[in-house]
Each structure stands twice: as structure tokens, then as C-alpha cells.
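For reference, the structure is listed below as C-alpha cells.
Just so you know, these numbers come straight off a predicted model, no measurement behind them.
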Amino acid sequence: MSTVIENLLLRKQKLVEQLEKAPSVEDRDKIEHQLDQINTALDFLDRQPPKEQR
């Protein structure tokens, strides 16, 4: 599970960097949408109980 979270956080960091350099509103909108999806996934994973509690 931690690998998934690490990958999401890495992707999020790259998207934030791209967002700062995005030349157009359309590009920023696309990046912000992807960031929203990543944040939703991270929130979902954060709410999952550890395996030993399932």
C-alpha cells in the first residue's frame, strides 16, 4: 500500500511543478483536475484501516 501512496505523492509533486509552469488556462484546468483525483485517492487510502484491523 505504501508504494501506491508514494507513487501518488510523487505524481502530485510533479503536477504541482507543472501547474506553476502551465502556459494556458486549459492546461492548468487539466492539471488541477488530476490533482483533485490524486487528493481523492489519497483521502480514500488514508481512511482505510490497517490490514490487521480488517
Side-chain angles (χ1 to χ4, degrees):
M1 181 76 75
S2 63
T3 304
V4 172
I5 294 171
E6 289 170 3
N7 288 338
L8 286 170
L9 291 172
L10 182 61
R11 179 72 179 136
K12 182 177 178 177
Q13 180 181 355
K14 289 180 182 179
L15 286 169
V16 168
E17 291 170 3
Q18 289 177 5
L19 185 61
E20 294 172 356
K21 301 174 186 175
S24 71
V25 173
E26 286 180 356
D27 290 338
R28 286 191 295 272
D29 287 345
K30 288 178 186 178
I31 293 169
E32 287 174 353
H33 178 70
Q34 291 178 25
L35 285 169
D36 287 342
Q37 290 178 321
I38 290 173
N39 286 332
T40 299
L42 288 169
D43 288 344
F44 175 79
L45 291 171
D46 190 45
R47 284 187 252 135
Q48 296 299 310
K51 285 184 180 181
E52 57 272 359
Q53 291 181 3
R54 289 185 202 171

What side-chain donor-acceptor pairs closer than 3.5 Å can you find for residues 16-25, not counting sequence neighbours?
from: S24; atom 1: OG; to: D27; atom 2: N; distance (Å): 3.1
from: S24; atom 1: OG; to: D27; atom 2: OD2; distance (Å): 3.2

Contacts of type side chain to side chain donor-acceptor pair (under 3.5 Å), residue E32, not counting sequence neighbours:
none

Just to verify, what does R28 make a side chain to side chain donor-acceptor pair (under 3.5 Å) with, not counting sequence neighbours?
none

Side-chain atoms of residues 35-42: list all donor-acceptor pairs with protein atoms under 3.5 Å, sequence neighbours left out, distances to 0.1 Å.
from: Q37; atom 1: NE2; to: H33; atom 2: NE2; distance (Å): 3.4
from: N39; atom 1: OD1; to: K12; atom 2: NZ; distance (Å): 2.8
from: N39; atom 1: ND2; to: L35; atom 2: O; distance (Å): 3.3
from: T40; atom 1: OG1; to: D36; atom 2: O; distance (Å): 2.9

Would a single hydrophobic cluster contain both L10 and I5, if residues Ile, Leu, Val, Met, Phe, Trp and Tyr are joined by side-chain heavy-atom contacts under 4.5 Å?
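Unlinked, I5 and L10 end up in two clusters.
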
